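Worksheet: the structure to be examined is printed underneath.
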Amino acid sequence: MSEKSKKAILALSDGSVFEGYSFGWNDACSGEVVFSTAMVGYPESLTDPSYSGQILCASYPLIGNYGVPADEQDENGISRAFESEKIWVKGLIISDYSASFSHWDAVRSLDAWLKEQKIPGIYGIDTRALTKLLREKGSMLGQIIPEGAGAQSVLYDPGVENQLEIVSCREPIFYGDGSKTVVLVDCGVKHNILRCLLGLGVRVVRVPWDYDFSTVDYDGLFISNGPGNPELCGPAIAHIREAMGEDRPIFGICMGNQLLARAAGASTYKLKYGHRGHNQPVRMVGSKRCFVTSQNHGYAVDDKTLGPDWDAWFVNMNDGSNEGIRHRSKPFFSVQFHPEASSGPTDTRYLFDEFKSLL
């Protein structure tokens, strides 16, 4: 750091304490501590609404070396560089912070950006040890406490609050002017999903997570990614279940996979520490086709509870958890990973084209 940093600690709910240094906003924060295995993409990860309520540990050792780009918008009013309009993580944990940055479109440092958005960070801790601890014990609550800041007596638990109410849009938003209309249920949609849908040449109607979209004349339904526990999203599940009474195509990603599964009568469960990173291998069920995917989720579908009309579509090669489902006769399908991946691999981007072919 270019200036003398204050000391800080990361305190976990199991009593573990990691000592480091404060950067970004100099205040305490609390939330669910999770880790990501991505090597790049910290501007995209920090602005991913699926991290709402969480303190993110970036397991890659060097963060900040390419700075942060400007927040420029495209012709649709969507940020060109970020996945939403703000940083959603509660705090950031890294091993080695690079105060000097170099990239052709960088306009500020990561430290300055965190200060702008009042997000605390801690660096100089052993993120390998922290990641190992989270893998062994599971994701847990914790807090970042800079020197001189008071600890929070009650830790924030994002799992007991409906995060979709926090991250979703408040009223319908319209994009594009294609001949086909896609209703996008905004559960915390990433901007690159919007970019991919608009790249199909369709008109997109983005609606709040609990919106009754049966009043909209649409050709296809898209259910976005989002944070938190899908069990708390009853209104969205009810509307999706109603839409399943028709034959119009349905495509879901991440939280969309979980909500579609629950609408179909299946159950979901919380993973021990989740899947977060740009290097997660999945296999298409019934084949040897394997894809490298980008992921960010803490819950999964129990595909053993799927009804006879549904099949598991993809499986995670690390732990065997579900990575997608599809209906046997109707054009309904969803995936747990992120085919829009920004940043990350684009192995499964073709799924957007499959969705368009069904409209």
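Note that the structure is predicted; figures quoted are calculated from it, not measured. Throughout, numbering of the chain's residues begins at 1 and tracks the sequence.
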[atom1] of [X] to [atom2] of [Y]: how many Å apart, nearest 0.5 Å?
X      : Y      : atom1 : atom2 : value
Asp48  : Ser294 : CG    : OG    : 8.0 Å
Ile125 : Cys57  : CD1   : SG    : 6.0 Å
Lys137 : Tyr273 : NZ    : OH    : 15.5 Å
Ile237 : Asp210 : CD1   : CG    : 12.0 Å
Tyr218 : Thr181 : OH    : OG1   : 11.5 Å
Ile193 : Leu184 : CD1   : CG    : 7.5 Å

Any side-chain to backbone donor/acceptor pair from [X] onto [Y]? Under 3.5 Å, distance only.
X      : Y      : answer
Thr346 : Arg349 : no
Glu323 : Val335 : no
Gln258 : Thr268 : no
Asn322 : Asp303 : no
Ser59  : Ser36  : yes
His278 : Met39  : no
Asn225 : Gly256 : no
Asn162 : Leu232 : yes
Lys90  : Ile55  : no
Arg241 : Ala263 : yes

Do [X] and [Y] have side chains that approach each other closer than 4.5 Å (heavy atoms only, starting at C-beta)?
X      : Y      : answer
Val185 : Phe213 : yes
Phe101 : Leu110 : no
Phe314 : Val285 : no
Leu221 : Val182 : no
Leu141 : Leu12  : no
Leu46  : Leu114 : yes
Glu32  : Tyr156 : no
Ile93  : Leu56  : no

(request) Run the ring-centre check on Phe82 versus Trp113 and record whether the distance is less than 6.0 Å. (result) yes

(message) Minimum heavy-atom separation for Phe337 and Thr348, please, with both atom names.
(response) CE1-OG1, 3.5 Å

(request) Please name the pair of heavy atoms, one in Leu197 and one in Val202, separated by the smallest distance, quoted to 0.1 Å. (result) O-CG2, 3.3 Å

(request) Look at the aromatic rings of Trp313 and Phe333 and report parallel, tilted or perpendicular, splitting at 30° and 60°. (result)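 Perpendicular, since the angle between the ring planes exceeds 60°.
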
Could you verify whether a donor N or O on one side chain and an acceptor N or O on the other, from [X] and [Y], lie under 3.5 Å apart?
X      : Y      : value
Ser342 : Glu44  : no
Arg203 : Tyr175 : no
Ser98  : Asn65  : no
Asn318 : His275 : no
Ser214 : Asp212 : yes
Ser84  : Trp88  : yes
Gln280 : Thr293 : no

(message) Under the criterion side chain to side chain contact (heavy atoms under 4.5 Å, CB included), I'd like the reasoning laid out for Val167 against Val189: C-alpha separation, chi angles, the key distance, then a yes or no.
(response) CA-CA 8 Å; Val167 301; Val189 65; over 6 Å; no

Charged N to carboxylate O under 4.0 angstrom, [X] versus [Y]?
X      : Y      : answer
Asp219 : Arg248 : no
Asp311 : Arg328 : yes
Arg80  : Asp74  : no

(message) Once salt bridge (Lys or Arg N to Asp or Glu O under 4.0 Å) is applied, do any residues pair with Asp247, and if so which ones, sequence neighbours excluded?
(response) Lys330

(message) Run Cys187 and Leu259 through side chain to side chain contact (heavy atoms under 4.5 Å, CB included) and show every step you take.
(response) CA-CA 10 Å; Cys187 302; Leu259 295 182; 3.8 Å; yes

If Ile, Leu, Val, Met, Phe, Trp and Tyr residues are connected whenever their side-chain heavy atoms lie under 4.5 Å apart, and connections chain through other members, are [X] and [Y] in the same group?
X      : Y      : result
Phe222 : Leu351 : yes
Met284 : Phe251 : yes
Phe352 : Phe332 : no
Met255 : Ile166 : no
Ile145 : Ile122 : no

(request) Apply salt bridge (charged side-chain N to carboxylate O under 4.0 Å, His left out) to the pair Arg195 and Glu340, showing each step before the final yes or no. (result) CA-CA 9 Å; Arg195 299 184 197 107; Glu340 86 288 349; over 6 Å; no

(request) Please determine which of Arg283, Gln336, Gln295 meets the side-chain contact (heavy atoms from CB on, under 4.5 Å) test together with Asn316. (result) Gln295

(request) Take Tyr299 and Ser321 through the side chain to side chain contact (heavy atoms under 4.5 Å, CB included) test and state the conclusion after the steps. (result) CA-CA 10 Å; Tyr299 292 81; Ser321 60; over 6 Å; no

(request) Please determine which of Tyr51, Tyr66, Tyr60 meets the ring pair (Phe, Tyr, Trp, His ring centres under 6.0 Å) test together with Tyr42. (result)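 That would be Tyr66.
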
(request) Could you walk me through whether Lys118 and Asp27 pass side chain to side chain contact (heavy atoms under 4.5 Å, CB included), step by step? (result) CA-CA 8 Å; Lys118 299 183 178 180; Asp27 200 0; over 6 Å; no

(request) Examine Lys7 relative to Tyr21 and say whether NZ or CZ is less than 6.0 Å from the centre of the six-membered ring and inside a 45° cone about the ring axis. (result)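 Relative to the ring axis of Tyr21, which defines the angle, Lys7 lies outside at least one limit.
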
(request) Only pairs at least two apart or in different chains count here, so list each salt bridge (Lys or Arg N to Asp or Glu O under 4.0 Å) that has a residue in residues 92-110. (result)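 Counting only pairs at least two positions apart or across chains, the salt bridge (Lys or Arg N to Asp or Glu O under 4.0 Å) contacts touching residues 92-110 are Arg108-Glu116.
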
(request) Report, as yes or no, whether the 6.0 Å neighbourhood of atom CH2 on Trp310 holds more than 12 heavy atoms from other residues, nucleotides or ligands. (result) yes

(message) My understanding is that only residues two or more places apart in sequence, or in another chain, count here; which of them pass side chain to side chain donor-acceptor pair (under 3.5 Å) with Asp302?
(response) none

(request) Test Gln163 against every option in Ser168, Ser52, Ser50 by the side chain to side chain donor-acceptor pair (under 3.5 Å) rule and name the one that passes. (result) Ser52

